[in-house]
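Sequential numbering from 1 along the given sequence is applied to the chain's residues.
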Amino acid sequence: MAAIYQAVRRRASSLFCRLHSTYVRKMRYLNELKEDDSLCRQAQTSGTFCLFHNLSPFLQKVGNNYLVPQLSAAEMKRILEKFKETEQWIEKSVLIGCSDEHVPRFALDLGALEKSAIESELEGSFTDLRKALFVVDEKDSPMLALGQALLRWHDSHQYCSKTGQPTQKNVAGSKRVCHASGIVYYPQMSPVVIVLVSDGSRCLLARQSSFPRGMYTALSGFCDLGENVEEAVRREVAEEVGLEVESLWYSASQHWPFPSSTLMVACHALVRAQQAEISMNSQELEEAHWFGLEEIVEGLKRKPGSSKQDDGGLLPWFPPKQAIARQLICEWVKQQTSELA
């Protein structure tokens with residue numbers, strides 16, 4: 001038995017090492033592409049491309065599924081020739097990853113070309129990213145979010161903030177350089193805390209007037225300069241709903257492309273049940289309520305705008321599974337359920 005155990009253990013260890021090595025090789029290859037313009041330019045001739053039009057990604061509907069086509073370099077060349085554009089357009093693309101087989105992936109915005117003509121040629125449609133993120137496969141959502149975030153960043157950083165001179169992107173799109181001053185600009189994300197507040201038996205969800213009707217989510221807000229995550233969570237909860245956080249703990253993080261590329265840092269927070277009266281900041285929120293376990297479980301089952309109340313309003317529904325807010329809500333349900341078991 002000991003020999004069998006050792007053999008199984010060695011095989012598992014070998015598999016782990018191979019998986020780890022695949023990841024390391026992939027990350028180092030991507031880093032090489034970012035640092036070596038010649039290598040990245042060469043990779044563009046064998047890579048695949050996700051298309052955008054004025055920051056809206058291109059999707060194809062097949063049956064009930066929405067797919068993110070990845071066009072080959074040859075297909076991109078054909079399309080550009082059809083629209084009487086040169087291959088120099090490829091230089092505008094940005095690197096957004098690669099496959100395990102080291103096939104690089106790029107994002108390219110064709111906003112200067114006629115939208116309807118491209119859609120007709122490729123038999124698909126350019127879709128607002130807020131919708132696209134929630135209809136495509138989960139594995140494609142981060143790719144679309146990264147692609148749009150990088151393209152948006154380059155569009156808004158074409159000039160040096162110190163000299164006013166044009167900046168130039170490297171081939172991969174991982175940085176821009178002002179040759180007049182030597183300043184190098186790198187894409188950045190703004191840190192945002194998102195927190196699910198609980199009083200032990202209920203959780204607090206809120207909505208803003210800009211949200212889709214009936215949707216409630218966790219509290220969130222940008223970190224102020226000089227704050228750590230814990231301070232930002234405590235301040236946001238105090239500002240928005242007038243509650244004082246007793247304890248908090250980290251859950252996970254997620255890149256989110258709205259409003260302009262943020263790093264969502266998700267946390268749970270606990271307030272005293274005896275001091276749980278909401279004092280809502282109406283300048284920040286439209287509504288904020290405590291929800292019990294049964295209400296949350298029912299809300300998780302609802303689709304957006306699917307259930308109306310007697311007064312014509314919509315029953316509460318929550319962000320879809322691609323949003324980290326839903327992860328927080330599901331974690332809270334799991335914790336509550338285990339405590340009742």
Side-chain angles (χ1 to χ4, degrees), residues 23-58 68 70-71 73 76 80 85-100 102-112 129 133 140-192 222-223 225 253-265:
Y23 174 77
V24 170
R25 288 197 301 270
K26 181 177 175 179
M27 292 301 104
R28 288 185 173 176
Y29 175 62
L30 286 172
N31 188 60
E32 289 174 1
L33 294 181
K34 293 175 183 178
E35 297 299 324
D36 189 328
D37 280 353
S38 297
L39 184 63
C40 191
R41 193 172 286 110
Q42 181 181 349
Q44 289 174 336
T45 64
S46 60
T48 60
F49 294 81
C50 297
L51 299 185
F52 290 74
H53 192 280
N54 292 328
L55 302 179
S56 293
F58 181 76
V68 183
Q70 296 186 38
L71 280 67
M76 281 304 311
L80 291 173
E85 298 291 342
T86 68
E87 289 184 61
Q88 288 183 331
W89 263 79
I90 302 297
E91 289 277 340
K92 300 179 181 181
S93 66
V94 292
L95 180 69
I96 56 173
C98 73
S99 68
D100 289 341
H102 291 191
V103 177
R105 295 177 182 139
F106 298 89
L108 178 63
D109 197 298
L110 301 178
L129 184 64
L133 288 179
D140 291 327
S141 293
M143 179 175 65
L144 293 184
L146 173 58
Q148 199 223 47
L150 268 178
L151 292 169
R152 181 192 295 274
W153 181 82
H154 281 285
D155 185 58
S156 61
H157 287 75
Q158 295 185 32
Y159 295 91
C160 176
S161 60
K162 183 176 182 179
T163 66
Q165 296 298 308
T167 57
Q168 182 177 354
K169 88 176 200 36
N170 65 336
V171 177
S174 59
K175 61 185 176 183
R176 297 189 73 91
V177 179
C178 172
H179 294 291
S181 63
I183 297 175
V184 180
Y185 294 92
Y186 295 95
Q188 295 180 340
M189 296 186 291
S190 300
V192 170
F222 287 93
C223 293
L225 191 65
S253 62
Q254 177 187 39
H255 168 249
W256 195 242
F258 311 111
S260 184
S261 202
T262 60
L263 177 63
M264 307 293 289
V265 182

Might you point out which heavy atoms bring [X] and [Y] nearest each other, and give the distance in Å?
X    : Y    : value
L144 : P57  : CD2-CB, 3.8 Å
C40  : L33  : CB-O, 3.3 Å
L133 : S141 : O-OG, 2.9 Å
P104 : L95  : CB-CD1, 4.2 Å
S93  : F106 : OG-CD2, 3.8 Å
H157 : T167 : O-OG1, 2.7 Å

Counting N and O atoms only, with roles assigned by atom type, does the side chain of S190 sit under 3.5 Å from a partner on the main chain of S260, one being a donor and the other an acceptor?
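No.
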Taking side chain to side chain contact (heavy atoms under 4.5 Å, CB included) as the definition, give me every residue that meets it alongside L146, ordered by chain and number, with sequence neighbours left out.
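Side chain to side chain contact (heavy atoms under 4.5 Å, CB included) check on L146 returns I96, L150.
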Tell me, please, which residues at least two apart from [X] pass side chain to side chain donor-acceptor pair (under 3.5 Å).
X    : value
H53  : none
Q158 : D155
S174 : N170
Q70  : T48, R105

Are [X] and [Y] side-chain neighbours, meaning at least one heavy-atom pair lies under 4.5 Å?
X    : Y    : value
W153 : S261 : no
C50  : D140 : no
L55  : L129 : no

Side-chain donor-acceptor pairs of residues 178-189 under 3.5 Å, sequence neighbours excluded:
from, atom 1, to, atom 2, distance (Å)
H179, NE2, Q168, OE1, 3.3
S181, OG, I183, N, 3.3
Y185, OH, S161, N, 3.1
Y185, OH, S161, OG, 3.1

With sequence neighbours excluded, give me every ring-ring contact (aromatic ring centres under 6.0 Å, His included) pair touching residues 26-45.
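Sorted result for residues 26-45: Y29-H102.
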Could you grab the distance from atom [atom1] of [X] to atom [atom2] of [Y], nearest 0.5 Å is fine?
X    : Y   : atom1 : atom2 : value
L51  : S56 : CG    : OG    : 12.5 Å
F58  : L71 : CZ    : CG    : 7.5 Å
L110 : W89 : CG    : CH2   : 5.5 Å
N31  : M27 : CG    : CE    : 10.0 Å

Is there any salt bridge (charged side-chain N to carboxylate O under 4.0 Å, His left out) pair reaching into residues 35-57, and which pairs are they, with sequence neighbours excluded?
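Sorted result for residues 35-57: R41-E91.
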Residue pairs passing the salt bridge (charged side-chain N to carboxylate O under 4.0 Å, His left out) test where at least one lies in residues 158-183, sequence neighbours excluded:
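Sorted pair list comes back empty.
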Tell me, please, which residues at least two apart from [X] pass ring-ring contact (aromatic ring centres under 6.0 Å, His included).
X    : result
H255 : none
H154 : none
F258 : W256

Taking K92 first and then D109, would you say they form a salt bridge - that is, a charged N and a carboxylate O separated by under 4.0 Å?
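No, no charged N to carboxylate O under 4.0 Å.
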